[in-house]
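Worksheet: one structure, shown below.
Convention: sequence-line order gives letters A, B, ...; per-chain numbering from 1.
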Amino acid sequence: MRNSGLNGITSVAAVLTAGLVLFCSVCAGWAQESLPAKRPDDLEFAPLHWDMQIPEKKRLNNGINLYHRRNSELPLVNISVMFGVGRSVETAADAGLAELFARTLESGGTSTVSPADFDACLDALAMNLNVDSGPYTTTLHVSMLKEDVARGMELLAQLIRNPGFDAERLETARQRLVEQIRRRPDDPAAIAEQLMLENLYPGHPLGRKPSLQSIRHISRADLVELHQRHFGPRNMHVAISGDITASEAVHLLQTAFSGWDNPGEQADVPELEPLPETHGAPLVVVQRPLSQTTIRLVERGIKHDNPDVYAVEIMNYILGGGGFNSRLMREIRSNRGLAYSVFSHFAIGRRLQGAFFAGCETKAESVGEVVDLFTSIMQQMREQGVTQDELELAKQSRLNSFVFRFEDLHSLVKTVMEYDFFGYPDDYLVRYREHIRAVTAQDVQRVAQKYLHPEQQALILVGDVEEATLAQLGDERDVKHIRIEDLL
Amino acid sequence: QGPSARLHRSLVLEKRLAVSVSVYTAPGARYPNLFVIGAIPRHPHTSAEVEDAIYAELERIKHDGVSSAELEQARKRLRADRLRHLRSNRGLASMLTHFEVVTGSWKYLLEYDEILRGISAREVQDAARQWLTRDNRSVITLTPPEKHAPLIPEDGEADAQ
């Protein structure tokens with residue numbers, strides 16, 4: 001044993017020597033090119049100084065809002081064009097309209113160029129185009145080389161002003177969506193999300209998902225009508241970043257959209273119906289033959305203009321937003337080994353209250369124990385608040401991760417455009433850290449008491465839910481069994 | 001890649017056999033690796049139909065090669081995608097380390113455009129002929145067990161036909 005141990009040491013030394021020789025020859029190679037032969041951790045830098053680079057905003061003559069930031073390191077330009085129309089205009093009979101609108105806008109060509117020819121034009125420029133459909137907005141994103149920016153803007157403007165909504169491409173998009181809906185039962189997290197939304201926003205456009213029935217009769221005429229009602233310069237918001245100056249961006253937009261007007265356009269998101277009241281704490285169960293049960297607890301949260309958003313952010317970090325630093329993860333995963341990942345999230349609502357939800361996956365026989373832990377950890381936060389150490393860690397984490405909002409220039413410009421559209425204060429980003437620093441332990445306990453109501457939360461279970469679990473958890477809850485077929 | 005790419009056009013847009021199709025290499029590039037074509041069939045089309053449509057495109061590229069316009073377009077896309085990768089620090093770091101390990105020097109990044117310009121249509125066709133063969137191929141199909149029989153009755157189809 002001793003011998004083989006020595007042999008081991010000798011061979012490690014041999015490897016080290018070989019490594020050193022290799023390293024020295026690499027150093028010699030560097031020296032020849034007069035590059036510094038320092039290890040990365042020996043390099044010295046000037047003190048870090050960071051200026052927040054907030055995008056500029058301009059309003060063009062025809063009403064278009066432009067957000068711009070230049071960065072000429074690479075010969076690329078990114079453009080996002082957002083219109084204030086999304087899922088919130090759908091009814092129960094046409095849920096999926098906004099999604100099919102986005103897919104067919106993206107792939108349906110223009111009134112004068114066939115879809116196949118338009119695809120070829122995009123590919124000739126290596127231009128990536130995709131259209132996002134959100135609750136309140138539809139956004140076209142393109143990325144292109146600087147050398148193609150004039151042609152790229154022209155193609156984008158043709159698509160926005162005179163989309164083709166080709167009937168064949170609508171059919172392709174519909175069939176792809178049918179297939180996605182058919183595959184929903186394969187994804188328990190998506191089923192749980194669908195039920196969460198239904199429970200938070202019952203009978204409301206934001207509480208629905210497209211169904212096989214609701215997408216069946218959406219026609220080309222519906223897409224054309226949506227375009228006519230909502231696409232116009234006054235409802236158009238543009239984010240441009242990359243190797244392009246502000247005056248170039250303005251000039252391109254003015255050229256591409258000159259003479260465009262839509263007197264009938266609705267220049268903001270249509271008025272939303274108020275959220276219906278919800279009553280009781282339902283237990284919603286979808287039986288699925290799965291080894292792990294997906295658990296979600298959910299209730300309505302807050303809207304962005306609520307002054308408590310910062311305290312709620314810190315509270316949620318400590319509760320379940322901070323990964324291994326959070327109480328839910330520590331207790332349910334680290335201490336008890338009942339789940340791989342545990343989380344909670346306060347979605348900040350833009351026009352309506354957002355969702356608060358918490359959850360994890362666990363084996364069938366642990367479901368009751370895990371739900372009780374969620375409830376008691378939330379209750380404990382309401383009753384006893386948080387420690388100074390937890391508060392400091394949460395604040396430092398939020399303050400230090402703030403810089404990553406500025407890592408991707410285009411996503412920053414786009415985010416600022418969205419903040420403006422949804423009515424965030426102009427100095428939201430500038431004052432964010434100040435607001436976070438000001439949060440106290442008293443604030444955290446106060447918002448826990450105000451916004452966390454474990455006894456009122458809807459509980460959603462997707463999996464092989466046992467009778468004993470139903471008996472235990474259904475005792476004080478209104479139990480609803482949902483068939484998977486009814487979610488398609 | 002891109003909406004007019006051959007596989008997407010044929011399988012998703014024209015024949016409507018698949019919801020999506022993608023092409024990538026795995027698991028890495030340091031050693032001989034795999035060229036992977038993945039597709040999701042669209043009900044009621046079978047994975048066998050999707051496979052046949054993929055093979056038809058492979059035969060086409062082996063038999064007829066690629067046009068100079070297609071090649072130019074692919075070069076431009078690779079150039080643009082490389083620049084898009086370089087936008088983030090993470091993308092830059094991963095490209096430098098990737099080329100250092102795979103090609104022997106990070107400087108490959110600087111010569112990338114020139115190397116792309118040197119690749120001919122003939123070489124593309126030859127590579128397809130050499131590697132995309134039946135003997136060199138493995139096919140994996142993931143299907144649900146019987147108890148997960150289709151939830152939707154046949155008359156629930158939203159097919160336009």
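- Nearest heavy atoms, A:A126 versus B:A80: CB-CB, 4.0 Å.
- With contacts defined as side-chain heavy-atom distances shorter than 4.5 Å, the pair B:K76/A:D148 qualifies.
- Using a 4.5 Å heavy-atom threshold, the side chains of A:S143 and B:R87 count as touching.
- Proximity to chain B (any heavy atom under 4.5 Å) is shown, for A:N130, by neither the backbone nor the side chain.
- For B:A5, the part sitting under 4.5 Å from any heavy atom of chain A is the backbone (N, CA, C, O) and nothing else.
- Residue contact with chain A, scored on non-hydrogen atoms closer than 4.5 Å, involves the side chain of B:R79 exclusively.
- The neighbour count for B:I140 CD1, taken as heavy atoms of other residues, nucleotides or ligands under 6.0 Å away, does not exceed 12.
- With a 4.5 Å cut-off on non-hydrogen atoms, B:L78 does not touch chain A at all.
- The distance from the CZ atom of A:R176 to the CD1 atom of B:I40 is 9.5 Å, given to the nearest 0.5 Å.
- Of the possible donor and acceptor atoms, one in the side chain of A:E179 sits under 3.5 Å from a partner among the backbone N and O of B:H43.
- Using a 4.5 Å heavy-atom cutoff, the side chains of A:V178 and B:R42 are not in contact.
- Both the backbone and the side chain of A:N128 come within contact range of chain B, judged by heavy atoms closer than 4.5 Å.
- The number of heavy-atom neighbours closer than 6.0 Å to CD of B:Q1, taken from other residues, nucleotides and ligands shown, is 12 or below.
- For A:D408, no part lies near chain B; criterion is any non-hydrogen pair under 4.5 Å.
- Summarising the local packing, CG of B:N89 is surrounded by 12 or fewer heavy atoms from other residues, nucleotides or ligands at distances under 6.0 Å.
- The closest side-chain heavy-atom distance from B:R16 to A:E168 is below 4.5 Å.
- If you measure heavy-atom distances from A:E106 to chain B, you find no contacts under 4.5 Å at all.
- Contact count versus chain B (heavy atoms, under 4.5 Å) is highest, among A:D119, A:L177, A:L122, for A:D119.
- Counting all heavy atoms, side chain and backbone alike, B:L83 lies closest to A:L145 at CD1-CD2, 3.5 Å.
- If you tally non-hydrogen atom pairs under 4.5 Å between each of A:E73, A:M127, A:H410 and chain B, the highest count goes to A:M127.
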